[in-house]
Amino acid sequence: MNIRIDTHVHTFASGHAYSTFAEYLDIAKKKGIEMFAVTDHGPEMPGASHIYHLANQKEIPSEIDGIEILKGVEANIMSIEGDIDIPVRILKKLDLVIGSLHPPCIRPMSRDDNTLTLINAIKSGNVDIIGHSGNNAYEIHQYEFVRAAKEYGVAVEINSGSFIGNRKGSWDNCVSIARIAKELGTYVTTGSDAHIHYRLGDFEKIYKIFDTVGFPIELVITESKDKLKNFLKQRR
Ligand SMILES: [Zn+2]
Ligand SMILES: [Zn+2]
């Protein structure tokens with residue numbers, strides 16, 4: 001398997017990431033990455049840039065040297081109502097919005113409440129992708145979550161950053177989420193969650209999950225640029 005689209009990348013502007021946009025572009029060329037989404041953290045993440053940084057991404061061309069760039073954000077889901085830290089007027093300017101749970105912004109709750117939070121974010125229409133739902137810091141009812149994503153046309157991210165650092169132990173969750181997505185026909189996306197450019201498109205662990213569950217490529221929205229663009233077009 002060789003997926004050349006990465007929907008989850010952090011630059012220096014996220015506050016705890018280490019590479020510039022130019023470095024990502026450079027390594028994308030070297031690695032044969034065709035498209036990637038810049039998804040710096042929303043402003044409620046400690047150390048994240050001001051909202052103007054996200055809003056001003058029109059400065060970034062949509063294509064440079066044949067590599068297509070999506071302007072996005074990894075928004076913080078802030079409450080059980082599923083609201084996020086980006087106003088709608090700014091969401092409208094972006095190509096792609098990931099919504100994720102992060103401990104500085106929303107503390108882990110009961111399994112029922114964590115699930116309700118994600119489902120409310122899905123229902124809000126404000127997020128295209130739910131990020132790293134396999135994170136074992138937030139227990140969820142996986143089946144209900146993946147079913148809601150299917151129902152509302154939101155993609156579930158399989159996140160290769162989940163297997164390093166503080167989300168270690170998420171492997172079994174990611175496998176079972178992928179298994180449920182296969183069963184229900186829910187779209188998934190591939191995100192490296194790179195916080196340094198070397199990790200762009202680093203999907204080996206994701207391929208292993210896909211192999212483990214026999215995941216159908218038809219449900220992977222990052223299979224091709226057109227497929228991802230069509231998915232996003234239908235969302236907007
Ligand atoms: Zn995240
Ligand atoms: Zn991230």
Side-chain angles (χ1 to χ4, degrees), residues 3 5-21 23-24 27-28 33 35-49 51 53-54 57 69-79 82-86 91 94-109 114 117-118 121-122 126-140 145 149 154-171 173-174 177 188-203 205-206 209 221-222 228:
I3 292 172
I5 300 172
D6 191 335
T7 51
H8 192 157
V9 165
H10 295 275
T11 73
F12 192 71
S14 277
H16 56 267
Y18 305 94
S19 301
T20 62
F21 173 75
E23 287 169 320
Y24 276 103
I27 203 131
I33 296 293
M35 179 186 242
F36 67 92
V38 181
T39 55
D40 282 309
H41 284 292
E44 292 299 325
M45 173 65 82
S49 293
I51 191 94
H53 184 268
L54 296 169
Q57 291 184 78
I69 296 121
L70 298 172
K71 293 80 174 285
V73 63
E74 183 181 20
N76 295 295
I77 300 173
M78 298 302 296
S79 72
D83 43 29
I84 58 174
D85 60 344
I86 315 287
L91 290 179
L94 301 176
D95 299 319
L96 178 152
V97 180
I98 302 174
S100 301
L101 300 172
H102 295 119
C105 300
I106 186 165
R107 58 177 174 43
M109 298 172 281
N114 292 335
T117 304
L118 288 185
I122 286 168
N126 289 331
V127 303
D128 306 311
I129 294 167
I130 295 291
H132 49 70
S133 56
N135 182 1
N136 59 4
Y138 295 91
E139 294 184 325
I140 56 167
F145 157 66
V154 167
V156 171
E157 178 185 73
I158 308 294
N159 177 301
S160 57
S162 292
F163 312 114
I164 51 173
N166 60 6
R167 290 202 295 269
K168 264 188 213 160
S170 304
W171 177 263
N173 291 338
C174 293
I177 286 167
V188 303
T189 186
T190 53
S192 67
D193 207 355
H195 285 63
I196 193 160
H197 60 293
Y198 305 107
R199 287 198 53 255
L200 179 71
D202 179 2
F203 295 147
K205 293 271 170 47
I206 294 177
I209 288 172
I221 58 170
T222 44
L228 177 57

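Whatever order the structure lists ligands and atoms in, that order sets their numbers, starting from 1. No experiment lies behind these values; they were computed from the predicted model shown.
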Going through the distances and angles, do T11 and D40 end up as a side-chain hydrogen bond (donor to acceptor under 3.5 Å, both in side chains)?
CA-CA 6 Å; T11 73; D40 282 309; 2.8 Å; yes
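- Distance check for H132 against the Zn ion (ligand 1): an N/O/S atom falls below 2.8 Å.
- Note that NE2 of H132 is 8.0 Å distant from CD1 of I98, once rounded to the nearest 0.5 Å.
- In this structure, H53 has its ring center no closer than 6.0 Å to that of H41.
- The Zn ion (ligand 1) sits nearest to atom NE2 when only the N, O or S atoms of H102 are considered.
- Formation of a donor-acceptor pair under 3.5 Å by the D85 side chain with backbone atoms of N76 is found in this model.
- Minimum-distance N/O/S atom of H8 relative to the Zn ion (ligand 2): NE2.
- Here D193 does not reach the Zn ion (ligand 1): none of its N/O/S atoms is less than 2.8 Å from the metal.
- Here H195 does not reach the Zn ion (ligand 2): none of its N/O/S atoms is less than 2.8 Å from the metal.
- For the residue pair S192 / D6, a side-chain donor-acceptor distance below 3.5 Å is found, with atom types taken as modelled.
- Between the OE1 atom of E74 and the NE2 atom of H10, the angle centred on the Zn ion (ligand 2) amounts to 90° when rounded to 10°.
- For residue H41, no N/O/S atom approaches the Zn ion (ligand 2) to within less than 2.8 Å.
- Checked by atom type and distance alone, the side chain of Y24 pairs as donor or acceptor with a backbone atom of H10 at under 3.5 Å.
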